[in-house]
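Structure first, commentary second.
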2 protein chains.
Amino acid sequence: MIASERYAERLDRAQALTAERGIGALLIGVGADLRYITGYAAMPLERLTMLVVPAAGAPTLVAPRLEAMAAVGAPGVRAAGIEVVPWDETDDAHALLRGLAGPGATKAGARILVSDRLWAMHVLGIQRVLPEARLGLATEILRVLRMVKDPDEVQLLRLAAHAADRVVGQIAAGRLVGRTEAEVSREVKDRLIAEGHEHAEFAIVAAGPNSASPHHDATDREIRAGEPIVLDIGGSLVGYGSDTTRTLWVTGGDPAVGPTDEFRAMFDVLQDAQALATAAVRPGASCESIDRAARDRITAAGYGPQFLHRVGHGIGLEAHEEPYLVAGNAEPLVAGVAFSVEPGIYLEGRFGARIEDIVVCGPDGPDVLNQSDRGLWIVDG
Amino acid sequence: MIASERYAERLDRAQALTAERGIGALLIGVGADLRYITGYAAMPLERLTMLVVPAAGAPTLVAPRLEAMAAVGAPGVRAAGIEVVPWDETDDAHALLRGLAGPGATKAGARILVSDRLWAMHVLGIQRVLPEARLGLATEILRVLRMVKDPDEVQLLRLAAHAADRVVGQIAAGRLVGRTEAEVSREVKDRLIAEGHEHAEFAIVAAGPNSASPHHDATDREIRAGEPIVLDIGGSLVGYGSDTTRTLWVTGGDPAVGPTDEFRAMFDVLQDAQALATAAVRPGASCESIDRAARDRITAAGYGPQFLHRVGHGIGLEAHEEPYLVAGNAEPLVAGVAFSVEPGIYLEGRFGARIEDIVVCGPDGPDVLNQSDRGLWIVDG
């Protein structure tokens, strides 16, 4: 759990950075940024809920009146003594923002930063009531805070990772042949919940040629003996994400339909690449260098064009967040940054494979949160 | 299920309305608008996926390369022959839009409409690459289409409503006293899934004084005999939403702790108000008149200020969508419009109640989809 006083510290730091960078105000809608600063996990709905952090002066939380009781009770709202400003159903909620955003936000050319997943209806509403401002993304400030996890956050990520590991083991030990991808996907979600997740956000079960589609949606295709399955599962546990991928080969108990030599050779390259990328994690290494470590190995084996996505993404209160481990991102890692390491190789129309762990950059190297076997899981199914 | 050819018709209508209203282009991100037009239910992630509908010429679907296989397979993408334009991890995805949006979108003063829940990161990206355009919300076009449900959509809403009704019955018949709100909330979600929902989005279980908070988050408070519970549950079934509220009174089997006279009197007013609002539904009645029908009754009984939200919201591919049944919305209902009718009365710190049905405006009056008893459910628990 995150201690209440942490929220007040986070708010103070966000406001200090806002002032320091000459920004007029932060306008934070429902989502991970709001949860990070206030502990308020509001449902994303069309009514405006918004934390207003002026460069100086008291922050306020604008909320629809019917959410006000819940907003007032959020741990960070209590801890920091944030005033909740309710609005009624027939009010112009956006118009309230102008009076609360502080003098720095209403000057000509002021910069206002909005949360990166704020809905267009609210972005355009803000531009209407604060026409003199130039909008940017609050990621600029929040990424500085959210990227570096404190020990409590790492512990929650670890618990989530271990829960997902257990589900991989349970699925691999169960029946697969003759069931549809969609049935297995449903079982994954049920098991994630049973293992303590509050949300089971995704459960990719991609069998046979579908394994070559990185973000395959589970279908009614039946799983057969003699084919691979890419299992990419995750959700959130006390707000923090899990995300792990393992590749299985289903034999139906018949050793004659084990993995082909071609598949084994490809998988060995992939496993090597994943290990190399993980081993490259240390403070000071650039985000793109982790991607490169995996990509160089895969490219050398001739599969370069078939590794068609970045090697990883940050993870925390969101399933995908800063930093992104992708070519062109020279940002250096620091201790406490958490992200996925997940190279894949996809031969369209034939087969594919992916291996994914959540890794935290430790002071001396990688702290790998997932603990299940990274090799090819050859199972009866 | 929605027939594939419906998607092509919807796209044609959206494009025709775009041209007719002098709009340069529609830019539709991941979400209900995209699903409505293409049947593509993509996961909302930070990589840009966007349907580009120019006022004239061929629409395209911009998608990250790793989603392209899934995008190409969406029923409406196939049916309408929409070209999928993939982008790679290091491309500037927003920059692609300029070339695809058509000549009407790059003229000075062009109007471009974006989907109303598009994330700020993409709204600002569009403003960067199409600086001459003024942005508005695609709701302007999509609401015309999405508000009026066709018979297949009404059937899906009906199936979802009946599934939710069964869950209310199951929960009311089960044990409640001594369990926490959160435990019961979890059971609701499991049962929604068991009854055919693919997502169980919310399960408000608000017991005792918590019943006075309209959007209460289920807590670890234990349910006791002699108190009310507001049960507001829903999710989606084949994409279409359920949303129903019933108020229970838990006796623990002891008739001595049945509902108080004060609670009964308040509840009778509420039930009357809900029936009056439902009875007011017919083509030509304004959205606000449905709200007023409930509000007048509640106000006459002295509870006006305690009915602190609008009477309802549209429902379809989104849990909340157009039209909103709220004071100030003079829009007339037409046959096929689907929405909630859900007055509530909330006495802060003491107790509250709400009754909610999903109602479709039929040619001659209301078609009420929920079928469970609307009265106060007095249960042993």
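In what follows, every chain begins at residue 1, and chains take the letters A, B, ... in the order their sequences are listed.
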Can you tell me which portion of [X] sits under 4.5 Å from chain B's heavy atoms? Options are side chain, backbone, both or neither.
{"X": "A:L124", "result": "side chain"}
{"X": "A:T139", "result": "neither"}
{"X": "A:L308", "result": "both"}
{"X": "A:F202", "result": "side chain"}

At a heavy-atom separation under 4.5 Å, does [X] approach chain A through its side chain, its backbone, both, or neither?
{"X": "B:E198", "answer": "both"}
{"X": "B:D88", "answer": "neither"}
{"X": "B:L118", "answer": "both"}
{"X": "B:S213", "answer": "both"}
{"X": "B:A319", "answer": "neither"}

Looking at [X] and [Y], does any basic side-chain N land under 4.0 Å from a carboxylate oxygen?
{"X": "B:D92", "Y": "B:R128", "value": "yes"}
{"X": "A:E89", "Y": "A:R47", "value": "yes"}
{"X": "B:E187", "Y": "B:R191", "value": "yes"}

Determine the option with the most heavy-atom pairs under 4.5 angstrom with chain B, choosing from [options].
{"options": "A:R117, A:E67, A:M69", "answer": "A:R117"}
{"options": "A:L137, A:I193, A:V123, A:L135", "answer": "A:L137"}
{"options": "A:E318, A:R186, A:E201", "answer": "A:R186"}

* Considering only heavy atoms and a distance below 4.5 Å, find which of B:H122, B:E46, B:M43, B:Q127 pairs most often with chain A. =>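 Option with the top pair count is B:E46.
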* To do: Considering only heavy atoms and a distance below 4.5 Å, find which of B:H320, B:R310, B:H313 pairs most often with chain A.
  =>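 Among the listed options, the one with the most contacts to chain A is B:R310.
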* Asked: Any idea which heavy atoms bring A:E288 and A:G328 closest together, and the distance?
  ->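 For A:E288 and A:G328, the tightest heavy-atom pair comes out as OE1-N, 2.7 Å.
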* What closest approach, in Å, do B:H309 and B:P214 show between heavy atoms, and which atom pair accounts for it? ->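 Here B:H309 and B:P214 meet closest at CD2-CB, 4.3 Å.
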* **Interatomic spacing from CG in A:L34 to CE in A:M50 - rounded to 0.5 Å** =>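 Result: 9.0 Å between the selected atoms.
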* Asked: Can you find a pair of side-chain heavy atoms, one from A:I23 and one from A:E140, that are under 4.5 Å apart?
  ->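 SC-SC contact between A:I23 and A:E140 confirmed.
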* Is there a side-chain contact between A:T299 and A:F307 (heavy atoms, below 4.5 Å)? ->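 No, their side chains stay 4.5 Å or more apart.
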* Is it true that the side chains of A:H216 and A:E181 contain a donor and an acceptor less than 3.5 Å apart? ->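 Judged by distance alone, the side chains do pair up.
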